[in-house]
Amino acid sequence: NNGFDSASLQAATATLANVPLSVVSTFSAVAQTSFTATWDNNLNPLVLSSYTVQISTAFDFNPGASGISFTTAPVAGPSATFTGLSANTTYYFQARAVNHNGIASLYTNLGSTLTRAEALSDTAITGVFFSSFNVTWTPVASSGYEIRASSTNFAAGTAVALSSTSNSAVGSLFVAGLLSNTSYFFSVGSYNWNKAVTSGVAVSSLSTLALPVANPQFYLVGATSVTVNWVARPVAPSSVTASGYRLEVATAPASGSSDFTAIWGSSVTLNGVQPSTLTIENLNPGTTYSFRVGTLNDDGVSNYVLVGTT
């Protein structure tokens, strides 16, 4: 043996990692600034494999685009969560597997997803009418907005009124076609490019105005008092009735029911739609007054009509 001891030389190596594969639902928990991406490990052993994952706002992952890249070893399963993202933005996702010798497979393109639009935070109801509401907010980075109104707090299988716009600069919408004297719950949301809604902002319930009275008239005019009557609202259903009435008087001339700048006094009934008569007393003799009468909704808000001047 030429004077040499025989020796056994041993070496170890790792097989190359398989390229990751796509799954049925690659993206989950998609929010305004984050999402989770999942892939198939393609038989790569969980305890020995790591992955380089990358997202980009460019489909070709060019260096000039905004993106995130890192290496992960997800022992619980092949997935990664990305945070600090831009709202209403498309992100492309690719991944490659790395064996325990640090040798990487080719990247696999695993699709794209769109983050949600920014959420609204300062919604307000600024107009209440007998069949509609006006809702306002500060515009955000989005592709539009929607308002949903429900008289059942969005119970399953019940009707929902919808108003929407694709104009991201709009800061208000009317939702119409509602029942009068009815309480509604509201949800206001923003759209991303795919019309997915960022979780709607719940707005406290409010009642639409009751329908106005008909044929108001001066019934009795005395030296210091005036009585007004009108056709009573029906007792039922709730959408056509009222919780009561309010009669107001002003010393300034009034051209309409909203033109009451100097209220002198008022008289209110909260006993329903009967009787349909109210009197205001302690007026000054020989003085001209303007009168208006309003129906009261369930929130106690009036819907006025002008009676006239006497």
Side-chain angles (χ1 to χ4, degrees), residues 14-123 137-146 148 154 166 168 187-202:
T15 55
L16 296 178
N18 293 321
V19 295
L21 300 177
S22 62
V23 293
V24 174
S25 298
T26 302
F27 304 100
S28 61
V30 179
Q32 298 99 290
T33 60
S34 63
F35 62 78
T36 296
T38 303
W39 59 93
D40 188 307
N41 64 336
N42 194 13
L43 302 179
N44 293 319
L46 291 177
V47 295
L48 297 177
S49 303
S50 61
Y51 299 87
T52 302
V53 293
Q54 186 177 22
I55 60 171
S56 175
T57 56
F59 72 93
D60 59 357
F61 295 85
N62 69 76
S66 175
I68 297 174
S69 179
F70 59 87
T71 298
T72 180
V75 295
S79 68
T81 297
F82 298 88
T83 60
L85 310 180
S86 297
N88 197 28
T89 301
T90 298
Y91 286 91
Y92 299 88
F93 172 56
Q94 64 180 8
R96 66 183 182 183
V98 182
N99 70 7
H100 67 269
N101 282 346
I103 301 174
S105 71
L106 296 175
Y107 273 109
T108 300
N109 190 324
L110 296 173
S112 63
T113 192
L114 177 64
T115 52
R116 295 299 178 93
E118 287 186 26
L120 300 172
S121 61
D122 60 347
T123 56
W137 58 86
T138 300
V140 298
S142 71
S143 298
Y145 311 95
E146 73 169 29
R148 293 179 180 269
F154 303 98
S166 58
S168 62
S187 177
V188 185
S190 51
Y191 288 140
N192 69 5
W193 291 109
N194 286 340
K195 297 298 182 184
V197 181
T198 298
S199 298
V201 177

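All heavy atoms count here, side chains included; hydrogens, waters and symmetry mates do not. The first residue in the sequence is number 1, and the count goes up from there.
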Short side-chain to backbone donor-acceptor contact, R116 and N192, under 3.5 Å: no
Decide whether D60 and N62 meet the rule of one side-chain donor and one side-chain acceptor closer than 3.5 Å. yes
If you take all heavy atoms of D40 and S22, which pair is closest and at what distance? CB-O, 4.1 Å
Check whether any side-chain heavy atom of I103 lies under 4.5 Å from a side-chain heavy atom of L16, and answer yes or no. yes
Would you confirm whether N44, through its side chain, and N18, through its main-chain N or O, come within 3.5 Å as a donor-acceptor pair? yes
Angle between ring planes, F70 versus F82, binned at 30° and 60°: parallel, tilted or perpendicular? tilted
Look at the side chain of T198 and the backbone N and O of A119, then say whether any donor-acceptor pair between them is shorter than 3.5 Å. no
Heavy-atom donor-acceptor pair, T108 side chain to L110 backbone, under 3.5 Å: no
Considering all heavy atoms of both residues, which atom of L46 and which atom of P78 are nearest to each other, and what is their separation? CD2-CD, 4.3 Å
Verify, without hydrogens or angle tests, whether S105 (side chain) and A17 (backbone) share a donor-acceptor contact under 3.5 angstrom. no
Are any side-chain N or O atoms of N99 and backbone N or O atoms of T15, one a donor and one an acceptor, separated by less than 3.5 Å? yes
Between the side chains of T36 and T81, does any donor sit under 3.5 Å from an acceptor? yes
Do Q32 and T115 make a side-chain contact, defined as non-hydrogen atoms from C-beta onward lying under 4.5 Å apart? no
Can you confirm whether S25 sits close enough to T38 that some side-chain heavy atom of one is under 4.5 Å from a side-chain heavy atom of the other? no
Do the side chains of N41 and Y51 get nearer than 4.5 Å, heavy atoms only? yes
Do Y191 and S142 make a side-chain contact, defined as non-hydrogen atoms from C-beta onward lying under 4.5 Å apart? no
What I'd like to find out is whether the side chain of F35 reaches to under 4.5 Å of the side chain of I55, using heavy atoms alone. yes
Answer whether the closest heavy-atom distance between the side chains of K195 and S166 falls below 4.5 Å. yes
Do V140 and L120 have side chains that get closer than 4.5 Å, going by heavy atoms? yes
Taking every heavy atom of S49 against every heavy atom of P45, the minimum-distance pair comes out as OG-O, 2.8 Å
